[in-house]
Amino acid sequence: MRTAVVLLTRDLRVHDNPALTAAAEAAERVIPLFCLDERLLAESPNRTGFLIESLADLRRRIPLVVRRGDPASEIARLGADAVFTSEDVSPYARAREERLGGRAFPGATVVPVGALKPYVVFTAYWNAWRRVPRRAVLPPVELRPHGVELGDLPAPPAGRSPEVAEGGETAGRARLEAWDSSGYAEGHDDLAGDRTSRLSPYLHLGCVSPLEAAERHPVEPFVRQLCWRDFFAQLLLHHPRTRGEDLRPRGDAWTGAPGALAAWKEGRTGYPLVDAGMRQLAREGWMPGRARLVVGSFLTKRLGVDWREGAAHFSRLLVDGDLASNVGNWQWVAGTGANPRPNRVLNPIRQARRHDPTGAYVRRHVPELAHVEGAAVHEPWALAPAYPEPIDRREARR
């Protein structure tokens, strides 16, 4: 084979990249290509900035060609004898794969999405997922120059959150290698301890291989989180309508009061743990998984706001705003998705006492409460009226 084009999408790495490896073994000339989609670039300044940094980092390793427009048209201009890409699960990605008609390789998930039958219950999926044999982690790929003009990268977008993580495989691998996972089992829900991997943005764009992450950090609670990511991916693959529709409609009439959604977005609900999570999201484009569950449950179960509103806000701000995981998690917490206990409600004060017992997480992200010592920070209205009264009490009186 003379020329192979590898269409890179959410696999922006040279380590453990099956599509890139297969092309390098099969073709004399390999052209790695990334096509910028103007519609997707406009969705989130945080993710777009992270993407641009990731493309720039990858270009320092391989001769990456960047174009704007339809991938099929750009591939035709490059005169490819074959097209290689990585499998993906969103309806948009699946339609793109069908148009290209090339070879799709695993790499976006730990277990290939087609390796198991469809599941809607996580525990059953987890038990099956653990038994699937894993492929070997592949060494990094080196590519020779191909003689094609590389093209320019876009300028960084305006409007990014001030403390967004740096994009790229270099930063992702540094995090993968430096993270101490030995305390993850005990500390992943300790909000103030900040002991989660923070690898999710790098997993979203494939700057880090999820398989390599599982092999390098084989701590069961962490591997279980990677399995949740695979679970939501296969859920979206087999139920594509769930990107905007309930997996399990419950006939809920969302009755969110006027102003409730805005107060939640701004981190001014009157519940310090909820406010801390939302303000961290605004500043970093990220928040811990436990905080995401708490703020999601609060919006949908306490304020009665449609989960789609929360998912859209997260999608605009999250650096790791993966469609399958974002929609899957929001439907789970709202009780319309793959949750065996759909009526579960996470009490924000009880969650705060359990996962931020000293109040350090709240004080870190809600500076007006920095003077309140200990767990009293979780109920500041009991001390003085300086902090806003809880919004659900305000709305109940109205």
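These numbers come from a predicted model, not from an experiment.
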**Asked** Taking 4.0 angstrom as the limit, do Lys265 and Glu309 come out as a salt bridge?
**Response** no
**Request:** Search all heavy atoms of Leu235 against all heavy atoms of Ala338 and return the closest pair with its distance.
**Result:** CD2-CB, 4.3 Å
**Request:** Indicate yes or no: does Arg99 engage Asp70 in a salt bridge with an N to O separation below 4.0 Å.
**Result:** yes
**Item:** Residue pair Tyr125, Phe232: steps toward the ring pair (Phe, Tyr, Trp, His ring centres under 6.0 Å) verdict
**Value:** CA-CA 10 Å; Tyr125 180 79; Phe232 285 137; 9.7 Å; no
**Request:** Determine yes or no for a side-chain-to-main-chain donor-acceptor pair under 3.5 angstrom, with Arg241 supplying the side chain and Asp246 the backbone.
**Result:** yes
**Item:** 4.5 Å side-chain heavy-atom contact, Leu8 and Asn17
**Value:** yes
**Asked** Only one of Val294, Val295, Leu318 forms a side chain to side chain contact (heavy atoms under 4.5 Å, CB included) with Met287, so which one is it?
**Response** Val295
**Request:** Determine, for Trp126 and Arg224, whether the Lys NZ or Arg CZ falls below 6.0 Å from the six-membered ring centre while staying within 45 degrees of the axis.
**Result:** yes
**Cationic N near anionic O, under 4.0 Å, Arg290 to Asp189** = yes
**Prompt:** Would you say Asp356's side chain and Ala360's backbone share a donor-acceptor pair under 3.5 angstrom?
**Reply:** yes
**His188 versus Thr196, closest heavy-atom pair with distance** = O-CG2, 3.5 Å
**Message:** For Phe105 together with Phe84, are the ring centres under 6.0 Å from each other?
**Reply:** yes
**Asked** When you check the side-chain N and O atoms of Ser325 and Arg229, is any donor under 3.5 Å from an acceptor?
**Response** no
**Message:** Within the 4.5 Å heavy-atom criterion, are Leu247 and Thr336 side-chain neighbours or not?
**Reply:** no
**Message:** Under 3.5 Å, is there a donor on one side chain and an acceptor on the other for Asn329 and Trp228?
**Reply:** no
**Item:** Min side-chain heavy-atom separation Glu28-His146 under 4.5 Å
**Value:** no
**Item:** Short N-O contact, Glu43 and Arg39, less than 4.0 angstrom
**Value:** yes
**Asked** Just by distance, with hydrogens left out, do Asp180 and Ser182 show a side-chain donor and acceptor under 3.5 Å apart?
**Response** yes
**Request:** Of all the heavy-atom pairs spanning Arg195 and Gly183, show the shortest one and how long it is.
**Result:** NH1-O, 4.0 Å
**Request:** Quick one: do Leu303 and Phe298 satisfy side chain to side chain contact (heavy atoms under 4.5 Å, CB included)? Show the steps, please.
**Result:** CA-CA 6 Å; Leu303 299 183; Phe298 184 82; 3.5 Å; yes
**Prompt:** Could Asp152 and Arg68 be called an ion pair, given the rule that one side-chain N must be under 4.0 Å from one carboxylate O?
**Reply:** no
**Message:** Taking CD in Glu142 as the centre, count heavy atoms belonging to other residues, nucleotides or ligands within less than 6.0 Å. Is the count above 12?
**Reply:** no
**Carboxylate-amine/guanidinium proximity below 4.0 Å for Arg173 and Asp57** = no
**Message:** For the residue pair Arg61 / Thr170, report whether a side-chain donor-acceptor contact shorter than 3.5 Å exists.
**Reply:** yes
**Asked** Any side-chain donor paired with an acceptor under 3.5 Å for Asn347 and Arg353?
**Response** no
**Asked** Between Val372 and Arg363, what is the shortest heavy-atom contact and its length?
**Response** O-NH1, 2.9 Å
**Message:** I want to check something: taking the side chain as every heavy atom from C-beta on, are Leu51 and Phe34 in contact at a cut-off of under 4.5 Å?
**Reply:** yes
**Request:** Please state whether the rings of Trp179 and Tyr184 are parallel, tilted or perpendicular, taking 30° and 60° as the class boundaries.
**Result:** perpendicular
**Request:** Examine distances only and state if a side-chain atom of Arg175 and a backbone atom of Ser197 form a donor-acceptor pair shorter than 3.5 Å.
**Result:** yes
**Asked** What heavy-atom pair brings Gly321 and His204 nearest, and what distance separates the two atoms?
**Response** O-CE1, 3.8 Å
**Request:** With rounding to the nearest 0.5 Å, note down the distance linking CG in Leu281 to CH2 in Trp286.
**Result:** 11.0 Å
**Request:** Give a yes or no on whether a salt bridge exists between Arg364 and Glu284, defined as a side-chain N under 4.0 angstrom from a carboxylate O.
**Result:** no
**Message:** Can you give me the closest heavy-atom contact between Asp88 and Ala93, atom names plus distance?
**Reply:** CB-CB, 3.5 Å
**Message:** Can a donor-acceptor pair be found, under 3.5 Å and without considering hydrogens, that links the side chain of Arg67 to the backbone of Leu150?
**Reply:** yes
**Message:** Keeping Asp322 on the side-chain end and Asp320 on the backbone end, is there a donor-acceptor pair under 3.5 Å?
**Reply:** no
**side chain to side chain contact (heavy atoms under 4.5 Å, CB included) evaluation trace for Trp332 with Arg344** = CA-CA 10 Å; Trp332 186 93; Arg344 178 190 339 234; 3.6 Å; yes
